[in-house]
Amino acid sequence: MSVAPHQMTLSDLAAALRAREFSAQEVARHFLVRVERHAGLNAFLATDPEASLAQARAADQRLAAGESAPLLGVPIAHKDIFVTRDFPTTAGSRMLAGYRSPFDATVVRRLGEAGAVTLGKLNCDEFAMGSSNENSAFGAVKNPWDVERTPGGSSGGSAAAVAAALVPAATGTDTGGSIRQPASFCGITGIKPTYGRASRYGMVAFASSLDQAGPMARSAHDCALLLSAFCGPDPDRDSTSLDTPAEDFSRGLDAPLDGLRIGVPREFFGEGLAADVRAAIDAALAHYRRLGARLVDISLPLTELSIPVYYVIAAAEASSNLSRFDGVKFGHRAAKYTDLLDMYKKTRAEAFGDEVKRRIMIGTYVLSHGYYDAYYLQAQKIRRMIADDFRRAFAECDLIAGPVAPTVAWKLGAKSDDPVANYLADIFTLPGSLAGLPGMSIPCGFGEGGMPVGLQLLGNYFGEARLLNAAHRFQQTTDFHTQAPEGFEA
Ligand code: GLN
């Protein structure tokens, strides 16, 4: 092996496996050693070498039989929000410590059927609530670019693991930015598809009208391969999965961008945007112009309102979804209690973290009689208006581009006592989430402290192929996505 497996992209790795340059078992072992060596990042919550090697053996048999599926034998890892039969699932919560699902999430099952080998489960904010991974009951994840900084959240383990090349690709989930923001903070590529394109079956529910699965990898090409393997209808298991058939998202990656109209929302470039991030975004937009795209000035006037709207709706849905954790059906149960009500109370008081409790309380409040109209219903109305603004914007442009987050990754602890400061930093990812649009983050430069900056690309409904095409062309002509954090290259 001249190039080690962790220095290869997922697609190159798959090709090398097909050419039998190495076996799936060798590749799995290679990555498991790296996972072990960099355990200090706290990216993985669970590994099980025996289970992974059994999957790798099965992939090797398929390869030996001449099968050539695009993901056959490549290692991946799953955000610990996806339930898995072969590994425990915690959703980053003490509530589910030690829980093992009797079935695989649809996304997990489809990737497994495509031949991907699961290396383990990745740390995340508790029930995917957070933007820094500090809300995990199992400790924060460290950013490989600077271990004193957050990798972002809630898919922080996924982003850190890919950036550190502990695994070539991972799954994440995005409710209000949790794929795009950690991808941006860790200098990797991630895509959240249109709401409903990927099945939510087996994803531990946070806010069901927003939750969506997506891949996180080192390139748009890699993301396209993964997305193609797991999108598509799942009518018997997720009634909100759309009946649009799966596509081969890698097909149109090379198409030229001549004449592509890229909308630049002026609300994304206001005072709150840090100068270093702004400089990287401006340079990326200029690069797109060189690639043949035309920049169009657009307006998304309700951008600021997306924060209160999201934090009302997401909390409302969370309060309902999390009522299932009652100490009876699964997960933690208090050891001592006097009666049923006391058991519920103690169980939930003991096993939920502060942020989860905060959201359950907010959610219960905004749904309660007397406040429902003032908060929840009002938020739903504005959610619709935000989607309408995008509809108008997409009459003038094909894609929208801007920053993912107002700053680069901040220091661990810097915002951990201030939930509102965390919420405010979601401003650029929330509008697309509320509208259900597909969105990406691609590495586009470096800012303060040498930290990566991500460019956000938003597409119209079902615009994944176009997004991936624009991202791929950018990556063919830049090298931000190929850079590795110091200490993790070799
Ligand atoms: N940061 C947002 C939140 O805390 C988004 C999280 C997510 O997308 N899962 O809710």
Side-chain angles (χ1 to χ4, degrees), residues 1-41 43-79 82 84-87 104 108-122 144 157-171 188-189 215-219 221-226 228-230 250 481-482 484-485 487-490:
M1 290 180 211
S2 49
V3 184
H6 69 272
Q7 292 163 326
M8 304 172 81
T9 65
L10 185 85
S11 34
D12 289 342
L13 196 52
L17 282 157
R18 282 196 296 273
R20 317 297 300 278
E21 283 172 35
F22 28 63
S23 71
Q25 291 169 84
E26 285 169 328
V27 172
R29 268 193 220 102
H30 176 85
F31 279 101
L32 284 168
V33 168
R34 283 184 69 77
V35 170
E36 192 66 44
R37 186 182 323 143
H38 297 295
L41 290 174
F44 275 79
L45 291 179
T47 52
D48 180 346
E50 245 175 74
S52 301
L53 290 171
Q55 293 183 12
R57 229 173 353 259
D60 278 332
Q61 278 158 11
R62 286 169 66 179
L63 284 160
E67 231 190 280
S68 67
L71 296 179
L72 204 47
V74 300
I76 56 163
H78 295 293
K79 181 178 184 179
F82 293 91
T84 42
R85 214 191 329 221
D86 287 352
F87 299 84
D104 280 332
V108 171
R109 178 173 57 79
R110 288 187 179 158
L111 287 168
E113 284 166 2
V117 173
T118 305
L119 291 192
K121 301 297 287 293
L122 295 161
S158 306
V162 172
L166 309 186
V167 68
T171 53
I188 65 160
T189 304
M216 303 172 77
R218 295 229 282 277
S219 71
H221 186 188
D222 290 355
C223 285
L225 291 178
L226 290 155
S228 307
F230 68 69
S250 60
H481 66 294
T482 63
F488 296 93
E489 311 97 327

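Counting from 1, the numbers follow the sequence of the chain as shown. None of these values were measured; they are calculated from a predicted model.
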Go through the structure and list residues passing salt bridge (charged side-chain N to carboxylate O under 4.0 Å, His left out) with [X], not counting sequence neighbours.
X    : answer
R37  : none
E113 : R109
E36  : none
R29  : none

Heavy-atom closest pair, residues [X] and [Y]:
X    : Y    : result
P485 : P144 : CB-O, 3.5 Å
L166 : F31  : O-CD2, 3.2 Å
E489 : A484 : CG-CB, 3.8 Å
H221 : S11  : ND1-OG, 3.6 Å
M8   : A16  : CE-CB, 3.9 Å
A169 : L226 : CB-CD1, 3.4 Å

Among residues at least two apart in sequence or on other chains, which ones pass side-chain hydrogen bond (donor to acceptor under 3.5 Å, both in side chains) with [X]?
X   : answer
D86 : Q55
H38 : none
D12 : T9

Between [Y] and [X], is there a side-chain heavy-atom distance shorter than 4.5 Å?
X    : Y    : answer
P168 : D222 : no
L41  : F488 : yes
L72  : L17  : no
L119 : I76  : no

key: Residues T118, F82; criterion side-chain contact (heavy atoms from CB on, under 4.5 Å); working and verdict   = CA-CA 12 Å; T118 305; F82 293 91; over 6 Å; no
Point-to-point distance, once rounded to the nearest 0.5 Å, from [atom1] of [X] to [atom2] of [Y]:
X    : Y    : atom1 : atom2 : answer
C223 : L10  : SG    : CG    : 9.0 Å
L13  : H6   : CG    : NE2   : 11.5 Å
L122 : F87  : CG    : CZ    : 10.5 Å
S158 : M216 : OG    : CE    : 5.5 Å

Could you list the residues that satisfy side chain to side chain contact (heavy atoms under 4.5 Å, CB included) with [X], not counting sequence neighbours?
X    : answer
S23  : Q25, E26, D60
A229 : L71, L111, A114
A224 : F249, S250, L253, L468

request  = Begin from the C-alpha positions of V74 and V27 and carry the test side-chain contact (heavy atoms from CB on, under 4.5 Å) through to its verdict.
outcome  = CA-CA 8 Å; V74 300; V27 172; over 6 Å; no
inquiry  = Please enumerate all residues that pass ring-ring contact (aromatic ring centres under 6.0 Å, His included) together with H481, with sequence neighbours excluded.
reply    =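 Testing H481 for ring-ring contact (aromatic ring centres under 6.0 Å, His included), a comparison that skips the adjacent residues, returns none.
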ask   = Can any side-chain N or O of R34 pair as donor or acceptor with the backbone N or O of A164 at less than 3.5 Å?
value =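 Pair found, side chain donor or acceptor close to backbone of A164.
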request  = If a pair satisfies salt bridge (charged side-chain N to carboxylate O under 4.0 Å, His left out) and one of its residues is in residues 62-72, list it, with sequence neighbours excluded.
outcome  =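 Qualifying pairs: R62-E67.
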